[in-house]
2 protein chains.
Amino acid sequence: MARNIKVSIIEDDETLRDGYAFLIGATEGYDVISTYCSYDEAAKKIAADKPDVILLDIELPGVNGIDAIPKLKKLLPNCYILILTVYESEKQIFNALANGASGYLTKNTPSTKIIESIKEVREGGGPMSINIARLVIRSFQKNQESPLSKRETQILELIGEGKSRGQIANELFIDLETVRSHIKNIYLKLDVNSRADAIKLARQNKLI
Amino acid sequence: MARNIKVSIIEDDETLRDGYAFLIGATEGYDVISTYCSYDEAAKKIAADKPDVILLDIELPGVNGIDAIPKLKKLLPNCYILILTVYESEKQIFNALANGASGYLTKNTPSTKIIESIKEVREGGGPMSINIARLVIRSFQKNQESPLSKRETQILELIGEGKSRGQIANELFIDLETVRSHIKNIYLKLDVNSRADAIKLARQNKLI
DNA sequence: TCACAAATCCCCCAAATAGGGGGATACTAT
DNA sequence: ATAGTATCCCCCTATTTGGGGGATTTGTGA
């Protein structure tokens, strides 16, 4: 490694902020170059700090951490953002990641793991706390006990891609009327009567 | 911990299989109760083994690892499956997770991490190799440079949910003609002329 | 201040689509 | 044998779609 990793911390709790700063700063290979207690405060100066990695809290006064991510990314396009928070709600996690966070740690994470994660994120990894990884993986998993047959699932997937009956028929080399039959059965099984409702239910229950 | 973790290994390479078996078996708290060189071979006996965790290879003779996951899950609903493979393609990873794998490790993973991951998966975690976690996290991240405006993105998301112009208009409290205008602009910007194409392009480029 | 994007709304039109009925046939697995 | 699956056929109407052509207002950045 050529040079130390430059870390900035944005965290409103002073005790935690100083604690992290001390821990990380004391570790060889890491420099804590700045700490801020809010995004608004950080916004003025963080571009000049040019950190490699930002440790970001979610529960912040003013602009919250989630909304701060794209703003920070705009100021520092090559900087990695590591979320460090107590929030474990699916929405928070997925929004943080969608906004450009490169990792997500909860505050019960041992400090050694935090320090390791900072290096990991800069090397192209995606560090997550154990409980976060579970949620993330679960978000991929399909329901194993679907009421739908294979063909029905397949057609529902195509409906989820916005395709019309005709397009589906062409893609699967079957008649338009066959597609229609399958859709009727899907609606029956899911107890819905529109594409939008079918997609919603299917996604909620991870049938597709 | 009350009792040792019971591990089964399905891996066609004999050297690797024996290597893993030895390493894990020699670790306190772990028992390797069976090893198999294919799914077909495992299918006959693994239900009786009642492992807590299965280490599963993807490149197997006969039924491949991805397809073996749901079959194993059916035989052993409470068993965790940990993929251990050289494959790092997005499709393989997402299919494995969708089929019910609880973790995904690549074969360059150090043995200590593998052993740690076995425990982690049984405690409800979702262990992943660093490079896998990167791909998984990236799959959530939206494109920060979308050509679409906020409203357009919002409407495209609703289109992705299979909603009609009318439904979108109701949901956003705007006129049907306004929705139409936005959709026209979306089509112009994305250079498409159908819902299906717009959704496809938007998902490919992570605009939604 | 001026241009531009964004968001809102309005009209025309024809063709396609969706969803509600009612069936039939053939194959497969239990 | 009975249920589920996959395939195909007909009726019907209301809705939706996508292609044109506009307009107005608001806010932002140059």
Side-chain angles (χ1 to χ4, degrees), chain A residues 43 47 63 67 70-71 74-75 142-203 207-208, chain B residues 43 70-71 74-75 142-202 207-208:
Chain A
V63 179
D67 296 332
K71 297 177 197 285
K74 216 166 186 180
L75 291 170
K142 283 196 185 175
N143 189 336
Q144 307 278 321
E145 289 130 32
S146 170
L148 303 179
S149 72
K150 269 194 181 178
R151 199 55 148 178
E152 286 159 359
T153 305
Q154 189 180 24
I155 285 173
L156 192 49
E157 267 163 8
L158 295 174
I159 287 179
E161 291 168 14
K163 291 181 176 151
S164 70
R165 293 177 192 166
Q167 290 173 307
I168 295 172
N170 281 329
E171 201 164 320
L172 302 182
F173 304 107
I174 55 178
D175 195 273
L176 198 144
E177 279 301 325
T178 307
V179 175
R180 198 157 144 52
S181 271
H182 285 304
I183 295 178
K184 280 180 189 173
N185 284 328
I186 292 170
Y187 285 10
L188 255 177
K189 288 183 179 177
L190 301 187
D191 190 27
V192 296
N193 51 13
S194 75
R195 297 163 91 79
D197 288 344
I199 292 172
K200 190 177 168 189
L201 215 96
R203 296 213 174 123
L207 307 180
I208 56 170
Chain B
K71 296 178 197 284
K74 216 164 187 182
L75 290 170
K142 282 194 187 176
N143 189 338
Q144 307 277 323
E145 290 130 30
S146 171
L148 303 179
S149 73
K150 269 193 182 178
R151 200 54 149 176
E152 285 160 359
T153 304
Q154 190 181 22
I155 286 173
L156 192 48
E157 267 163 8
L158 295 174
I159 287 180
E161 290 168 15
K163 291 180 176 151
S164 70
R165 292 177 195 166
Q167 290 173 306
I168 294 171
N170 282 330
E171 200 163 322
L172 302 182
F173 303 107
I174 55 179
D175 195 90
L176 198 143
E177 279 300 325
T178 308
V179 176
R180 196 156 146 50
S181 270
H182 285 305
I183 294 178
K184 280 181 188 174
N185 284 327
I186 292 170
Y187 285 11
L188 256 177
K189 287 183 179 178
L190 301 187
D191 190 28
V192 297
N193 50 13
S194 77
R195 297 162 91 79
D197 288 344
I199 293 172
K200 190 178 167 189
L201 215 96
L207 307 180
I208 56 171

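Throughout, protein chains are lettered first and strands after them, A, B, ... in sequence-line order, and every chain is numbered starting at 1.
A:K184 places its NZ atom 8 Å from the C1' atom of C:dG22, with the value rounded to the nearest Å. One interatomic measurement links the two molecules: CG of B:N185 to P of C:dC9, which rounds to 14 Å at whole-angstrom precision. For the pair B:K150 NZ and D:dT26 C1', the computed distance is 16 Å after rounding to whole Å. Atom pair A:L188:CG and D:dT5:P shows a separation of 12 Å (rounding to whole Å applied). Atom C1' of nucleotide C:dT17 and atom CD1 of A:I159 are separated by 12 Å, given to the nearest angstrom. In this structure, the CD1 atom of B:I183 is 16 Å from the C1' atom of D:dG20, given to the nearest Å. Look at CG on A:L176: it is 10 Å from P on D:dC8, rounded to the nearest Å. Taking atom CD of B:E177 as the reference point, atom P of C:dC9 lies 10 Å away to the nearest angstrom.
Remark: B:K200 does not engage A:E161 in a salt bridge, criterion side-chain N to carboxylate O under 4.0 Å. With salt bridges taken as basic N to acidic carboxylate O contacts below 4.0 Å, one links A:K142 and A:E157.
Comparing B:S164 and A:F173 by the nucleotide of DNA chain D whose heavy atom lies nearest to each, the residue mapping closer to the 5' end is A:F173. The residue among A:Q167 and A:V192 whose nearest nucleotide of DNA chain C is located toward the 5' end is A:Q167.
Between the side chain of A:R165 and the base of C:dA18, a donor-acceptor pair under 3.5 Å is found. The base of D:dG4 does not come close enough to the side chain of A:K189 for any donor and acceptor atom to sit less than 3.5 Å apart.
When distances run from any side-chain atom of B:Y187 to the nucleotides C:dC9, D:dG18, C:dA18, the shortest one goes to D:dG18. The side chain of B:I174 lies closest to C:dC9 when the candidates are C:dA7, C:dC9, C:dG19. Distances were taken from every side-chain heavy atom of A:S181 (C-beta onward) to each of C:dC10, C:dA7, D:dC9; the shortest belongs to D:dC9.
For C:dA7, the OP1/OP2 oxygens have no side-chain nitrogen or oxygen of B:T178 closer than 4.0 Å. OP1 or OP2 of C:dT17 has not a single side-chain nitrogen or oxygen of B:R195 nearer than 4.0 Å. The side chain of A:H182 places no N or O atom within less than 4.0 Å of a non-bridging phosphate oxygen (OP1 or OP2) of D:dT5. In terms of phosphate contacts, A:S149 brings a side-chain nitrogen or oxygen within less than 4.0 Å of OP1 or OP2 of D:dA6.
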*asked:* Please evaluate residues B:E152 and B:K189 with respect to the criterion salt bridge (Lys or Arg N to Asp or Glu O under 4.0 Å), reporting the C-alpha separation (whole Å), side-chain torsions for both, the decisive distance (0.1 Å), and the verdict.
replied: CA-CA 10 Å; B:E152 285 160 359; B:K189 287 183 179 178; 2.7 Å; yes
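Inter-residue side-chain proximity for A:L172 and A:L158 is flagged as met; some heavy-atom pair is nearer than 4.5 Å. In this structure, the side chains of B:P147 and B:L207 come closer than 4.5 Å at one or more pairs of heavy atoms.
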